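Have a look at the structure below before the remarks.
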Amino acid sequence: MTQQNTVVAQMRQLIQILAQHNHAYYVMDQPTIADSEYDQLFHQLKALEQQYPEWVQTDTPTNNVGAKPLAKFESVTHVVPMLSLGNVFNQEELFAFARRIEERLPNQKIEYDVELKFDGLAISLWYENGALVRGVTRGDGETGEDITQNVKTIRNLPKVLTHASGMVPTLLEVRGEVLMPKSGFEKLNAENEAKGEKTFANPRNAAAGSLRQLDPNVAAARPLAFYAYGIAQCEPNHGLATMSASLDWLTGFGFAVGERHFVCDSIQAVQQAYEKINAERPELSVEIDGMVVKVNDLKQQQQLGFLSREPRWATAYKFPAVAALTTVENIDWQVGRTGTLTPVARLNPVAVGGVTVSNVTLHNIGEIHRLDVRIGDTVSVYRSGDVIPKVEKVWPEFRPNDTQEVHLPEQCPVCESPVVMPEGEALARCSGGLYCSAQRIEAIRHFVSRKALDIEGLGDRWVESLLHLDLLQDVADIYHLHEHREKLLTIEKMGEKSVQNLIDSIENSKKTTLAAFIYALGIRGVGETTARMLANTFQTLDALRVADIEALKKTPDVGDITAEWIVDFFQAPHNLEVLDRLLAAGIHWDAPVAPTRQPFNGESWVITGTLSQMGRDDATQMLQALGARVSGSVSSKTKCLVAGEKAGSKLEKAEKLGIHVMNESEFIQLMQDYGQLEA
Ligand code: IVH
């Protein structure tokens, strides 16, 4: 045997033994060796790999694959979008969920699959011919980040699929959650504390922080685990009939699934499972924030389909929120990037559900009045799952005599411009506009943030120094910073290398997506989701720029007020000038790729006349769910006109242009065929 053969044989043997122990530990929940013994084997393999890096095996659990830190994560569009779940919080809401299902599937027996709702990070894993080729974060559900290197370091995750049946799919996309089990979390925090390093507030933050490390060696050192909860794609089709069977099938490949899962034959049994899981929560090895209830039969799931971004066939049954008492030390006013003044209560720090809370937003002056909260008051603060903490109520019985009432300031706390509060609006704002440095800083911070243009190198300290040097009047100036290299070098602690890194990360940000760019502009009312919907609806920036209120309102999520804000934004000369300068600097994106499985993707539909069986909004929503754009006017680009009673000029025009016209009953039939309406 050559030396290579011997070393490789040793490596293979260790990999196989480690995989068996991982399976025993994570899948069977029956460890066969002590952790310390596992560690010894693991280190033996690691040592061999360090000695012979050229022979490292691709399926090694150590991730000594020679992987180098990345400069940035690449974005990946999910072929099947990663949707979210609706919530129920009590028995009544759970039963209402079941009733909605029964109404859609009359006279059918419905079984529910009940799983743990892991409180971690959703990811998608791609296996091609059995090999793990890609791991992607959920991101915004449509586009995530490629974290393959980090995912490969997760010990309990099969890197190569084998199955007792011998059948391995050519393509398998598995969905699940990455978590840090409680024991690993405690150990990590204890170690970090001993080293004087940062500790994590909860296992979720620890898992998120580990997965977002550009250096896979950091992720490899963290005790992460993956738990599968679904299959997004499988070729050839697995042919399984139920959710529970698909989870069992996944365990056959070595995937871990939740420590508890049940199949319930009635919604009452689901309620019992909830009570059982809630009671057993402290004994579980992982953190959960509820359970997930899914219709078990996959065909029934398909019949039920989706409502907007959520399946009708599943819901999260969340555990009750946790609350704690504390006192309000102060109430400050923060100026946001659009000039809004938000009151923030500074609290005596208190632990709520494992997280220390010391600041909590009070939203607006109306909320302060509603709660009647004063400085010095005792309040209860609550949070549920990953929801931002909130002041639930004030305890007047604990109110001391010297509490201070809070009033809306007359002047902006940052620039001293007058504060205005237009009639009928809940929010007060600073009238200083770009003059107010809070607004300028925030606009820039927002623009460079991760979900916007993602300029990692441009942190707060840089932004402040750059404003100070007068190099940033607005966001477009970011793309001219390279012209001021000498000035940049005068900033304290900024050497050649950091300046070059900054310039590189600015250059890299030029390739973006239309949705991220729209979001980055910081238009009032346009958050991440709305930006994505605008990008999907309008497809190009030029189309969005000239859209009128009516056209904008066709976008899901956009009502009168937001539409007006968008129009105002694109009418302000200053904004147009900045926009043009941004584009001239070379910011660009590929035409938006809408997710597949939306059979009407890219098609433009028009609805006219009166529909007797449904509202026009319902029809619009169904079409949008299938990927169509619903427009207000017929043109040669219109794919189809749905004509109700008393259809007028649009029908005439469609007929003239030879566009396909459908009456209401044909439309209903079509929506039934595509699962949008019950047959
Ligand atoms: S199934 C169509 N099962 O909950 C969506 N999700 O609030 C199907 N989650 O982003 C999701 N445990 O990350 C499913 N057993 C479980 C889950 C689970 C946790 C997360 C998931 C999703 C979020 C939705």
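Every number for a ligand or one of its atoms is a count from 1 in the order of the listing. This one's a predicted model, so the numbers in the text were calculated from it and none came from an experiment. Numbers for residues simply follow the sequence, beginning at 1.
The main-chain N or O of Tyr317 is never found under 3.5 Å from a side-chain atom of Glu93 such that the two would form a donor-acceptor pair. Of the possible donor and acceptor atoms, none in the side chain of Asn278 sits under 3.5 Å from a partner among the backbone N and O of Phe319.
For Thr242, the side-chain hydrogen bond (donor to acceptor under 3.5 Å, both in side chains) partners are Ser244, not counting sequence neighbours.
Classification of the Tyr229-Phe118 ring pair by plane angle, with boundaries at 30° and 60°, yields parallel.
Using a 4.0 Å cut-off between a side-chain N of Lys or Arg and a carboxylate O of Asp or Glu, Glu115 and Lys294 qualify as a salt bridge.
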For ligand 1, list every N/O pair with the protein closer than 3.5 Å, one pair per line with the distance.
from     : atom 1 : to     : atom 2 : distance (Å)
ligand 1 : 3 (N)  : Lys294 : NZ     : 3.1
ligand 1 : 4 (O)  : Lys117 : NZ     : 3.4
ligand 1 : 12 (N) : Phe118 : N      : 3.0
ligand 1 : 13 (O) : Glu177 : OE1    : 2.5
ligand 1 : 13 (O) : Tyr229 : OH     : 3.1
ligand 1 : 15 (N) : Glu115 : OE1    : 2.9
ligand 1 : 15 (N) : Leu116 : O      : 3.0

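Residue-environment remark: CD (Glu283) exceeds the threshold of 12 foreign heavy atoms within 6.0 Å.
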